[in-house]
Structure formats: C-alpha cells, structure tokens
Amino acid sequence: YGVVGAIGIGAVLLLAAMALYRGFSYSRLVVFYLGAVAVVLILAYRLLMRLALAALRRRGLGTTRAVVVGTGGGADALIGRLQMFPHYGYEIVGVIDDSLPEGDDYHGHPVLGESQELCRLIHRHGIDEVFVALAKPDHRAILRLINQCDDVHVEFKIVSDLLEVLTSGVVADDIDGIPLVGVRRNRLVGFNLVLKRAFDVAVGAVLMLPGAVVMAAIAVAIRLDSPGPVVYRQERVGRGERRFVAFKFRSMVDHAEARSGPVFAQRDDPRLTRVGRFLRRTSFDEIPQVFNVFRGEMSLVGPRPERPHFVSQFSAEVPGYVRRHEVPPGITGWAQVNDLRQETSIEQRTIYDSYYVENWSLAFDFKILVLTFLRIFFHRNAY
C-alpha cells in the first residue's frame with residue numbers, strides 16, 4: 001500500500017507541475033505508464049528480495065535464534081505467528097517451561113529444560129533472543145529471569161499475558177508512551193462485506209469462461225473413469241453457522257462413506273479413483289463451488305467450510321474455532337495456501353483462519369488467489 005500510494009501521489013504532483021509548465025510538448029499518458037512500470041518493478045524487486053531472504057533463512061543464514069519461556073495462550077499465538085511468517089527471520093530453537101519434561105514436544109519444538117536453567121541453555125544453544133510468555137504471569141518471576149541473565153548478551157521480549165485471554169485478536173497501541181492492548185474485531189462487516197461480494201462476482205465471472213472448458217474436460221474424465229455421479233453434493237456449514245449444499249467433483253468411489261461414516265481423506269486413500277487422485281492433488285475437485293459463490297453461500301476466499309459433524313466436534317474441542325463462521329467460507333483460504341490441509345492440525349488451521357478473519361482486505365484476498373494458482377501442483381498435504 002505504501003509503495004503504490006507514494007507513486008500515486010508522486011504522479012499527481014508531477015501532473016500538477018506539468019500543467020503549470022508547458023515549455024515542451026508531452027503526453028500525460030507518459031506519467032501513467034511511468035507510474036505503472038515503477039509499481040511493477042518495485043513490487044517485483046521486493047518480492048524477489050523477500051524470496052531470496054526466505055531461501056537464505058531456510059538454510060539458517062540471517063536468522064535470529066530464539067527460545068520461548070513458558071506455555072499457554074501467549075506462547076501458542078507467538079509460535080503460530082512465527083511459523084506463519086518465517087520472513088520475520090526467527091528460528092525457534094525450543095521451549096523452556098517448568099511444567100513440561102525435558103525432551104517433550106510443544107507445537108513442533110523441543111522442551112529444552114526449566115526456567116532456572118535459562119542462562120545455561122542460552123549459552124548451550126547460542127540463543128540471541130528470549131520471548132517470555134509464562135502461562136501464569138508473575139512479574140517478579142519475569143524480573144528474576146531477566147536479572148539472572150544480566151551478564152548474557154541476549155534480548156528479552158515479554159509477551160503480554162492478555163494473549164492468554166484474547167488469543168490472536170489483539171492490536172497494540174499507545175498513548176504518549178503508555179502501551180495499550182485492544183481487541184481486534186472481524187473486519188468483514190457492513191460495506192466491506194458488500195465489497196467482498198462484488199469482488200467475488202466480478203472475478204468469478206472472469207474465471208467462468210476458461211473454467212467451463214476445464215469443468216467439461218473433468219466431467220468427461222470422471223464419467224469414463226468410474227460409475228457414479230460427476231458432481232458430489234455435501235452439506236457444509238457457512239457464515240453464521242447456516243447450512244448449505246456444497247458442490248464438488250466426485251473424487252471417490254460412489255457411496256464412499258456408506259460404512260465408515262464421515263471421515264477425512266487419508267494419504268493413499270483406497271476410496272479415491274484414478275481421476276480423483278489428480279483432482280485432490282490439484283484441488284480441481286473444488287471448482288464446482290464457484291456456483292456456490294454465485295449463489296452467495298460461499299466466497300472465492302475464506303475459511304474452508306466443514307461438515308456439520310466435524311463442526312460440532314471441533315467447536316467443542318478447539319478454542320476460537322467458531323470465529324471462522326463470522327465470514328463467508330471460501331473455495332480457497334489462508335490455511336490452504338500454507339499447505340494446512342487434510343490431516344494437518346485443526347488447531348493450526350484455526351490459527352490461520354482466525355488471522356484471516358482479523359486481517360481481511362481485498363488485497364489479502366487477491367494475494368491468496370494468486371498463491372492458490374501458483375501452488376496448484378505443489379501442495380504436500382493435498383490428497
């Protein structure tokens with residue numbers, strides 16, 4: 001936004017200056033072309049630099065080695081964000097907590113030991129930064145941790161204990177240096193909801209022409225591959241927990257859940273047809289849901305809609321899961337483009353869905369759509 005806005009303001013100022021000085025012949029289109037080229041080149045440069053930096057950090061270059069002291073809501077939110085955005089450059093070496101045994105696993109990171117061993121663990125693992133996110137915050141305990149490592153040259157950062165209550169829905173502010181923490185609400189209400197709907201209809205209409213050819217080819221392939229209907233109808237839960245019938249290309253044998261009941265597909269699932277494996281791998285089985293978009297039951301981008309059976313189960317087990325029903329469900333979503341699909345942790349998917357709800361914008365939707373097309377053939381957990 002900042003880059004595009006700055007170039008736009010510069011172009012307006014340049015046009016104003018050109019209107020005052022007419023010492024030579026010129027075309028105002030030159031300014032438009034110059035601005036457009038500048039936007040493309042600067043954004044491309046920043047994207048390439050980000051990709052290069054991410055590649056270096058995946059190799060351990062230029063990263064900040066960090067540990068998280070404590071467990072609970074604050075630690076969960078922090079670890080989730082750092083996993084979601086690796087370009088921040090943090091490598092979480094492990095977690096330090098008094099309530100978990102050493103060597104245990106916490107959200108994919110090893111428990112290194114207890115808080116009283118902090119200084120020794122900092123030296124042993126070459127730690128650069130310490131995030132303090134105690135489950136039961138004690139300000140005196142936090143000060144003790146900092147003071148006992150006073151001679152160790154590491155940076156301490158305190159995660160607010162309010163994250164235990166607010167999970168990821170917080171926003172920081174200050175009044176003349178006094179830090180404040182507020183609750184971030186769902187942005188997709190009122191006019192924003194109308195704007196998103198218009199975006200869905202416009203982009204969906206543009207995609208329908210090439211999409212119709214693809215759908216016709218897939219329909220023929222399914223019909224030739226196995227007996228049963230081409231399109232599979234399944235009840236899902238949408239915005240406001242309203243139920244609707246979602247359309248999908250059939251990727252499994254007919255009546256696949258007749259014996260098992262509602263279950264998730266698994267890797268190398270024997271119920272998948274030959275064409276179905278390809279459809280699942282590329283997510284082409286979701287294409288008919290564009291008709292759900294036109295009917296207003298879904299959006300192009302949003303949390304993936306789930307079946308009522310799983311919604312009841314996850315709502316009772318996963319804190320914050322119901323937040324995903326504050327926005328229209330989508331054909332693709334922030335969790336999906338980050339390869340959180342199928343048997344990946346529902347808790348992790350919920351973190352990504354909540355982030356989308358709290359940070360929605362048309363630019364974010366557009367980014368997710370672009371990433372979806374770029375990653376069609378590169379999902380590790382699509383099956």
Side-chain angles (χ1 to χ4, degrees), residues 71-81 83-84 107 135 159-171 181-197 200 234-246 248 261-265 286 289 292-293 295-361 364-365 368 381:
T71 57
D76 291 349
L78 176 66
I79 292 173
R81 284 295 190 274
Q83 289 175 339
M84 191 185 304
H107 292 301
V159 180
S160 172
D161 56 307
L162 288 176
L163 283 176
E164 182 75 36
V165 178
L166 301 176
T167 61
S168 62
V170 297
V171 58
V181 178
V183 182
R184 183 185 290 123
R185 299 298 185 185
N186 171 23
R187 298 189 61 199
L188 203 48
V189 294
F191 179 73
N192 284 346
L193 201 58
V194 176
L195 196 62
K196 181 176 177 65
R197 177 64 181 155
D200 286 338
Q234 194 174 68
E235 189 177 43
R236 299 285 176 118
V237 178
R239 181 170 176 260
E241 301 192 22
R242 290 187 291 271
R243 300 188 181 190
F244 67 97
V245 176
K248 296 180 66 175
V263 292
F264 286 116
E286 314 287 0
Q289 288 169 17
N292 291 112
V293 173
R295 290 169 56 167
E297 298 161 333
M298 292 181 63
S299 172
L300 292 175
V301 179
R304 287 291 301 149
E306 198 47 82
R307 286 184 278 179
H309 170 81
F310 295 117
V311 169
S312 299
Q313 176 185 339
F314 297 149
S315 296
E317 296 176 354
V318 182
Y321 181 82
V322 294
R323 293 212 63 195
R324 68 202 319 276
H325 297 128
E326 295 178 9
V327 301
I331 297 178
T332 185
W334 184 230
Q336 283 65 47
V337 297
N338 284 279
D339 214 30
L340 298 175
R341 305 155 61 96
Q342 304 323 118
E343 292 184 327
T344 54
S345 166
I346 187 61
E347 290 83 2
Q348 193 74 357
R349 276 185 273 168
T350 299
I351 291 174
Y352 279 66
D353 288 338
S354 295
Y355 181 87
Y356 174 81
V357 172
E358 296 158 7
N359 295 274
W360 174 88
S361 69
F364 197 12
D365 275 4
I368 292 172
N381 295 312

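Throughout, residue positions are numbered sequentially from 1 according to the sequence presented.
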Salt bridge (charged side-chain N to carboxylate O under 4.0 Å, His left out) evaluation trace for E306 with R324: CA-CA 10 Å; E306 198 47 82; R324 68 202 319 276; over 6 Å; no
Can you check side chain to side chain contact (heavy atoms under 4.5 Å, CB included) on K248 and E286, steps first, answer last? CA-CA 5 Å; K248 296 180 66 175; E286 314 287 0; 3.6 Å; yes
Using the side chain to side chain contact (heavy atoms under 4.5 Å, CB included) rule, take Q336 and I368 through it: C-alpha gap first, then chi angles, then the decisive distance, then the call. CA-CA 9 Å; Q336 283 65 47; I368 292 172; over 6 Å; no
With side chain to side chain contact (heavy atoms under 4.5 Å, CB included) as the test, would you mind laying out the steps for I346 and Q313 before giving the verdict? CA-CA 11 Å; I346 187 61; Q313 176 185 339; over 6 Å; no
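Taking the six-membered ring for Trp and thresholds of 30 and 60 degrees, Y321 and F314 have ring planes more than 60 degrees apart, a perpendicular arrangement.
Taking the side-chain hydrogen bond (donor to acceptor under 3.5 Å, both in side chains) definition, one finds that R197 meets it with nothing, sequence neighbours left out. By the salt bridge (Lys or Arg N to Asp or Glu O under 4.0 Å) test, E235 pairs with R243, sequence neighbours left out. A search for side-chain hydrogen bond (donor to acceptor under 3.5 Å, both in side chains) contacts involving H107 returns D76, not counting sequence neighbours. Looking at residues two or more places apart in sequence or on another chain, you find no salt bridge (Lys or Arg N to Asp or Glu O under 4.0 Å) involving D200. For R236, the side-chain hydrogen bond (donor to acceptor under 3.5 Å, both in side chains) partners two or more places apart in sequence, or in a different chain, are Q234. The side-chain hydrogen bond (donor to acceptor under 3.5 Å, both in side chains) test applied to S315 returns no partner, not counting sequence neighbours.
Here the closest heavy-atom approach between residue A335 and residue D353 is recorded as CB-OD1, 3.9 Å. Minimum interatomic distance between A246 and N292 (heavy atoms only, all atoms of both residues): CA-OD1, 3.6 Å. The two residues P328 and P303 come nearest to each other via the heavy atoms O-CD, 3.9 Å. The minimum heavy-atom distance between E241 and V322, with the atom names listed, is OE2-CG1, 4.3 Å. N359 and F364 get closest at one heavy-atom pair: O-CD2, 3.5 Å.
Distance check, rounded to the nearest 0.5 Å: CD of E347 to CG of L340 gives 11.5 Å.
Residues V311 and P305 have side chains not in contact (no heavy-atom distance under 4.5 Å, counting atoms from C-beta outward). Contact of the D365 side chain with the L300 side chain is not registered, since no non-hydrogen atoms from C-beta on lie closer than 4.5 Å. Looking at heavy atoms from C-beta onward, V327 lies out of side-chain contact with K196 at the 4.5 angstrom threshold. Two residues are said to be in side-chain contact when any heavy atoms from C-beta on lie closer than 4.5 Å; R295 and F244 fail this criterion. R304 has its side chain out of reach of R349: every pair of non-hydrogen atoms, C-beta onward, lies at least 4.5 Å apart.
In this structure a side-chain-to-backbone donor-acceptor pair under 3.5 Å is present from Y356 to V301.
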